[in-house]
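Protein chains get the first letters and strands the later ones, always in sequence-line order, with residue 1 at the start of each.
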Amino acid sequence: MNIATWNVNSLRLRLPQIINWLLINNIDILCLQETKTPDDKFPYDAFEEVGYKSYFYGQKSYNGVAIISKYEALEVSYGLKDYDNEQKRVISITIKNNISIRIICIYCPNGQSLESNKFIYKRQWFNKLNEFLVEELLKYPNLILLGDYNIAPTDADVHDPNIWKNTILVSDEERSFFKELINIGLYDLFREFKQPSSLFSWWDYRNLSFIKNKGLRIDHILASKSIVNLCKSCFIDKTPRKNKQPSDHTPVLINLEIN
DNA sequence: ATGACTAGGTCGCCTAGA
């Protein structure tokens with residue numbers, strides 16, 4: 001089973017690229033972030049035509065998450081319980097194959113800068129996410145948390161740690177938010193495998209950043225121990241970043257040994 | 001020079017992203 005995450009920065013604009021990528025890579029489940037699409041405008045039919053169900057939680061202009069799945073969801077839930085229903089950042093589904101798996105798609109706040117009010121929101125949001133996941137893990141032992149975390153967890157995930165030192169996305173405090181997720185029993189699947197250095201999931205549109213590989217690894221797939229044991233690979237696919245009119249992020253994928 | 005892209009909204013500029 002192939003499961004992926006991709007911050008597409010506008011679903012409307014990127015729809016043909018997304019469908020093409022789904023089919024080429026034989027993806028079973030794709031988590032999308034920054035759809036920027038209200039639910040009544042969601043392109044449900046376009047995904048249905050190629051064999052996927054869609055589950056979505058969107059809004060106009062900003063944020064918005066969705067899960068595109070070959071498997072019908074047994075359950076769907078929206079947001080972090082009752083916290084923050086204004087910004088559409090979380091959607092979760094439960095699917096069943098041989099085993100039941102909880103798939104949680106997240107678009108974490110950016111934070112803007114460490115001095116910003118948006119950073120206070122980022123801190124609160126990660127606290128709520130942590131509380132939410134503690135409960136989810138009790139209910140769903142086979143859990144996968146995919147999305148744009150807006151945190152580069154270590155210096156190995158940053159093209160130039162000196163330039164980025166103590167700035168948004170790489171600060172020690174944000175890294176502590178990420179470590180909290182590890183502390184409750186989740187594993188960074190990318191780091192469960194030997195990887196080459198300087199692999200990133202996001203590159204700024206400006207300053208030829210992609211060509212110069214000046215990026216960050218801020219899109220992640222975390223999972224519970226039972227999923228780690230089923231996971232055969234985790235990698236970043238840079239090819240969509242080379243498309244015309246690309247998203248500034250590229251997908252991260254895992255393959256699970258489940259039939 | 002604190003901006004350099006890009007997307008969306010509803011405009012000929014602003015907010016937001018990371």
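Map Ile168(A) and Pro38(A) each onto its nearest nucleotide of DNA chain B; the residue landing nearer the 5' end is Pro38(A). For the pair Asn207(A) and Leu216(A), both in contact range of DNA chain B, the more 5′-proximal nearest nucleotide belongs to Asn207(A).
Arg14(A) has a side-chain polar atom (N or O) that falls below the 4.0 Å cut-off from OP1 or OP2 of dA7(B). Under 4.0 angstrom from either OP1 or OP2 of dA16(B) there lies no side-chain N or O belonging to Lys36(A). Under 4.0 angstrom from either OP1 or OP2 of dG8(B) there lies at least one side-chain N or O belonging to Ser10(A). For the pair Gln245(A) and dA7(B), the criterion of a side-chain N or O lying under 4.0 Å from OP1 or OP2 is met.
Atom NE2 of His249(A) and atom P of dA7(B) are 13 Å apart (whole Å). The distance from atom CD1 of Ile163(A) to atom P of dA4(B) is 18 Å, rounded to the nearest whole Å. Following rounding to the nearest Å, Lys244(A) (NZ) and dC5(B) (P) show an atom-to-atom distance of 19 Å. Taking atom CD1 on Ile211(A) and atom P on dC5(B), their separation rounds to 12 Å, with Å as the unit. Counting to the nearest Å, the P atom of dG17(B) and the CH2 atom of Trp6(A) are 21 Å from each other. Whole-Å rounding puts the Arg206(A) CZ to dA16(B) P distance at 15 Å. One interatomic measurement links the two molecules: OH of Tyr205(A) to P of dT6(B), which rounds to 7 Å at whole-angstrom precision. Counting to the nearest Å, the C1' atom of dT15(B) and the CG atom of Asn9(A) are 13 Å from each other.
A side-chain N or O of Asn26(A) and one of Lys70(A) form a donor-acceptor pair less than 3.5 Å apart. Side chain to side chain, Trp21(A) and Asn243(A) fail the donor-acceptor criterion of an N or O pair below 3.5 Å.
Only one option out of Leu145(A), Val65(A), Ile104(A) pairs with Val90(A) in a side-chain contact (heavy atoms from CB on, under 4.5 Å); it is Ile104(A). The one candidate from Phe47(A), Tyr78(A), Phe42(A) that meets the ring-ring contact (aromatic ring centres under 6.0 Å, His included) condition with Phe56(A) is Phe42(A).
The CG atom of Leu80(A) lies 10.0 Å from the CZ atom of Arg89(A); values are rounded to the nearest 0.5 Å.
Rounded to a whole angstrom, the distance from the P atom of dA16(B) to that of dT10(B) is 14 Å. Separating the C1' atom of dA1(B) from that of dG12(B) is a span of 24 Å, rounded to the nearest Å. For the C1' atoms, the distance from dT2(B) to dC11(B) is 26 Å, rounded to whole Å.
As judged by a 4.0 angstrom heavy-atom cut-off over every strand, Phe210(A) is placed among residues making no nucleic acid contact. The residue Asp219(A) sits apart from the nucleic acid: no heavy atom pair falls under 4.0 Å. Lys118(A) comes within 4.0 angstrom of the backbone, heavy atoms only, and of no base. Looking at heavy-atom distances under 4.0 Å, Asn150(A) makes contact with sugar-phosphate atoms alone, never a base.
Scanning all heavy atoms of the two residues, the minimum distance from Ile91(A) to Ile67(A) falls at O-CD1, 3.7 Å.
Across dA7(B), dG17(B), dT10(B), the shortest atom-to-atom separation from the side chain of Lys60(A) is found for dT10(B).
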